[in-house]
Amino acid sequence: MGVAQRMKNAEIADAFDELGILYELDGAVVHRVVAYRNAAKSIREAGVSVAEMAAQGRAQELSGVGKTIAEKIDALIADGEIPAARKLKQRIPEGLVQVTRVPGLGPKRTRQLHAELGIGSLEELRQAAEQGRLTDAPGFGAKAQEKVLAALAVGAGEAPTARTLLSTALEVGEELVAGLRAHDPSIEVELAGSARRHADSCKDLDIVVAASDPEALLAAFAVLDPIDEVTSTGSAGAKAVTHQGLPVDLRIVPRESFGNLLQHFTGSGRHNEALRKEAVRRGLHVSEYGVLDDANGETAAFRTEEEVYAALGMPCIPPELRENRGELEAARKGDLPKLVRLGDIRGDLHMHTTASDGRNTILEMARAAKERGYGYIAITDHSASHGFGNGVATEDLKIQIEKVAKANAKLDGIEILAGSEVNVLPDGSLDYADDLLDELDWVVASLHTSFSQTERELTERMIRAIEHPAVDAIGHPTGRLIARREPYPLDIDAVIEAAARTGTLLEINANPNRRDLDDSYARAAARGGVKLVVDSDAHGAERLGNMRFGLATARRAWLEKDDVANTRTLAQLRQLRKR
DNA sequence: GCCGTTTTCGGCCCGACTGTTTTCAGTCG
């Protein structure tokens, strides 16, 4: 098993993003800069190891990577840096890269500040602004100086802005949409943006409305419960902030072009950019107002998204796929996946009860699952070594199995599997004996400790668990917590290969903080021949509903019903087990 | 620098907003 220490996609992507900015600061033509940025994005989102691709001479298969960038990837991996970047850094202070991240200061204005005032870092920018010297540079007035000071005061250029988890964003967004519908049932209103695409997290909420009386609508919007403050308002819409501090952008549009605006504000920016580029080649120009046809000079507006996409010669693309990851080509060819739906899910195979750190009993969980229409669940409390008395000790596992049997006897219409979420110990062994594991109907193996191991150690540890004959699935395989904790270092390609080879399922954990595997990895796993299982990991009956966030990730991963193990009947599922 | 059912060269998405401007460049999403 070859688990080499390889450069990660994110590290390679960062290097090209930086190189793009350096070229930009050096005054390169904008399209060259854009080319580096596109390549970085492509590298970052590749579901497989780009270092591995490069080693095989296949880097140019990535869109946006040609001969030159492929050579630079090779140099970066061999020497740890790109020669062109080293040369540029001799001319351009590295601190200038941070200056371009200050809102309002793009590359052109940053160059200006460097040339005119000798500013080469955020600190020098701060000093110049505080001393009132910024206005000495041409094109910089009092307002510009004020904005720079304000931006630096909130730490711009240093930390990325906070993002809101999809679960919170959807809860608020759906309440706002319902509130607007209640105000006037005749309007068309939809959530757009990253919330509609079911991304991991959202920077803000976009709401698109077609209404006959915009003023009345805006008045109703301003007094909806979640809204803390309306910060600006006009005939085209309003901007507001919720009590959680989540910005809301409300757009009002005539009904005739509702489809165009919804398409535009659903994004993603990348998807729209690619969509428009493709349209231009056919003499069509797409904007939020309509589709302009060079042939007759007329702009066609559409009431629905279906009509917008139809005008561009393709079927409507599900919002979850609109990330410019191949969906346009698939749509054109009629190859869009038939995405798995929440209603396809027949059971939930990872949840906790009061036997470990859950809040409800086996029966309570089972009844709640039955109400959701499931045919089966697995009770998977933590195993012996989970700690703090929050696990099922070895001597108690048989009692737990008996409890499941009793609950099964009391309940019709749903089958309860006796399972466990077994700890994978630092050496890759499991913390129940094999003969005990044999008595279980379902085994999820997860890592909960020793995340500081090296990539090699973690990968070998996980592969040992995957190869264990009793393990049905690997729980939350990368350990990430969205916006809070990076995934632990793992050779995901090696993990996928092992899972495919052994017939082990990989989980998409549906907890909205996790969504682990993420969409890129889950897509790579399915392509690698691995079946996924989408689990709520509920610690209380009301959390079974988290399944929707796992489905969101599954759909963003292009998964179809057959890719997801728990769309099967229990009998079919049992055939997927290793023994 | 990348890319191709009009192209291996000549293009490269679209519009709003802002501030500093006498008509627009730069930035943002």
Side-chain angles (χ1 to χ4, degrees), chain A residues 16 19-43 59-73 82 84 99-113 134-148 150-151 156 161 192-194 197 202-206 232 234-237 239 247 249 251 253 257 260-261 263-292 294-295 299 308 312-313 324 328-329 332-333:
Chain A
F16 282 98
L19 181 58
I21 294 171
L22 288 169
Y23 270 127
E24 208 167 20
L25 290 170
D26 196 44
V29 292
V30 64
H31 298 111
R32 196 163 153 218
V33 174
V34 168
Y36 281 108
R37 198 171 297 151
N38 286 339
K41 168 98 173 168
S42 198
I43 291 163
Q60 289 188 57
E61 289 174 22
L62 293 164
S63 84
V65 176
K67 187 162 171 286
T68 306
I69 291 181
E71 283 169 4
K72 285 181 159 66
I73 294 175
I82 304 169
V99 176
T100 64
R101 296 190 185 128
V102 175
L105 295 185
K108 295 276 169 61
R109 286 164 70 81
T110 300
R111 271 193 93 196
Q112 187 108 22
L113 291 174
L134 233 49
T135 53
D136 294 347
F140 284 80
K143 289 237 172 140
Q145 186 159 277
E146 251 173 59
K147 283 180 76 172
V148 164
T161 52
S194 51
R197 300 197 313 278
C202 304
K203 187 168 59 69
D204 59 10
L205 285 175
D206 294 293
S232 76
S235 61
K239 289 182 192 297
D249 208 341
R251 308 260 177 174
V253 67
S257 55
N260 299 96
L261 197 78
Q263 195 284 324
H264 176 79
F265 280 103
T266 297
S268 65
R270 290 278 168 174
H271 171 84
N272 286 349
E273 189 183 337
L275 182 83
R276 290 176 196 149
K277 276 181 187 166
E278 206 168 89
V280 165
R281 280 188 236 125
R282 303 162 55 180
L284 301 169
H285 303 270
V286 183
S287 77
E288 59 262 56
Y289 303 110
V291 179
L292 167 65
D294 283 340
T299 299
V308 176
L312 301 171
N324 193 27
L328 290 167
E329 190 187 0
R332 233 186 303 113
K333 292 180 178 170

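Computation of the quantities below employed the complete heavy-atom set of this structure, encompassing side-chain atoms and omitting hydrogens, waters and symmetry-equivalent molecules. Chain A is the first sequence line, chain B the second, and so forth, proteins listed ahead of strands; every chain is numbered from 1.
Here A:F265 pairs with nothing under the ring-ring contact (aromatic ring centres under 6.0 Å, His included) rule; sequence neighbours left out. Shown here are the side-chain hydrogen bond (donor to acceptor under 3.5 Å, both in side chains) partners of A:N324, two or more places apart in sequence or in another chain: there are none. For A:Y36, the ring-ring contact (aromatic ring centres under 6.0 Å, His included) partners at least two apart in sequence or on another chain are A:Y23. Taking A:K143 as the reference, nothing meets the side-chain hydrogen bond (donor to acceptor under 3.5 Å, both in side chains) condition, with sequence neighbours excluded. Residues that satisfy the side-chain contact (heavy atoms from CB on, under 4.5 Å) test with A:A144, not counting sequence neighbours, are A:R109, A:F140. Listed by chain and number, the residues in a side-chain hydrogen bond (donor to acceptor under 3.5 Å, both in side chains) with A:E329 are A:K333 (sequence neighbours excluded). Annotation: side-chain contact (heavy atoms from CB on, under 4.5 Å) contacts of A:R282 (sequence neighbours excluded): none.
Separation of the P atoms belonging to B:dT20 and B:dT27 is 13 Å when rounded to the nearest angstrom. Spacing of C1' atoms, B:dC3 relative to B:dT8, comes out at 9 Å, to the nearest Å. For B:dC12 and B:dC17, the P atoms lie 25 Å apart once the distance is rounded to whole Å. Nucleotides B:dG15 and B:dT22 are separated by 25 Å at their P atoms, to the nearest Å. Rounded to whole Å, the C1' atom of B:dT6 lies 13 Å from the corresponding atom of B:dG11. Rounded to the nearest Å, the gap between the C1' atom of B:dT21 and that of B:dG26 is 13 Å.
Atom OH of A:Y23 is separated from atom P of B:dC2 by 11 Å (rounded to the nearest Å). The NE2-C1' distance, from A:H285 to B:dG11, rounds to 13 Å in whole Å. Rounded to an integer number of Å, the gap from NZ of A:K72 to C1' of B:dC2 is 13 Å. Per the geometry, CG belonging to A:L22 stands 14 Å off P belonging to B:dG1, to the nearest Å. Rounded to whole Å, the distance from CG on A:L312 to P on B:dC14 is 12 Å. Counting to the nearest Å, the P atom of B:dG19 and the CD atom of A:E146 are 9 Å from each other.
Within the shown strands, nothing qualifies as a pairing partner of B:dT8 under the Watson-Crick or G-U definition with both distances less than 3.5 Å.
Sorted by first and then second residue, the salt bridge (Lys or Arg N to Asp or Glu O under 4.0 Å) pairs with a member in residues 27-38 of chain A read A:E24-A:R37; sequence neighbours excluded. The stretch residues 266-275 of chain A participates, sequence neighbours left out, in these salt bridge (Lys or Arg N to Asp or Glu O under 4.0 Å) pairs: A:E273-A:K277.
Position along DNA chain B of the nearest nucleotide to A:Y289 versus A:E278 favours A:E278 as the more 5'-ward residue.
For the atom pair CG (A:L134) and CG (A:L113), the distance works out to 5.5 Å, reported to the nearest 0.5 Å.
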Start with the C-alpha gap between A:N260 and A:E288, add the side-chain angles, then the distance that decides, and say whether side-chain contact (heavy atoms from CB on, under 4.5 Å) holds. CA-CA 5 Å; A:N260 299 96; A:E288 59 262 56; 5.6 Å; no

Which nucleotides of nucleotides 20-29 of chain B have their base under 4.0 Å from a protein heavy atom (B), which only their sugar-phosphate (S), and which neither (-), written as one string 5' to 3'? S-----SSS-

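Glycosidic conformation of B:dT5: anti, with the torsion beyond 90° of 0.
Of all non-hydrogen atoms in A:K72 and A:A84, the two that sit nearest each other are CE-CB, 3.9 Å.
DNA chain B is contacted by A:A35, A:Y36 of residues 34-43 of chain A, taking any non-hydrogen atom closer than 4.0 Å.
For B:dG1, neither phosphate oxygen OP1 nor OP2 lies less than 4.0 angstrom from any side-chain nitrogen or oxygen of A:H31.
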Please write out the pairs of protein N or O atoms and N or O atoms of nucleotides 3-8 of chain B separated by less than 3.5 Å, giving the distance to one decimal.
from  : atom 1 : to    : atom 2 : distance (Å)
B:dC3 : OP1    : A:G64 : N      : 2.7

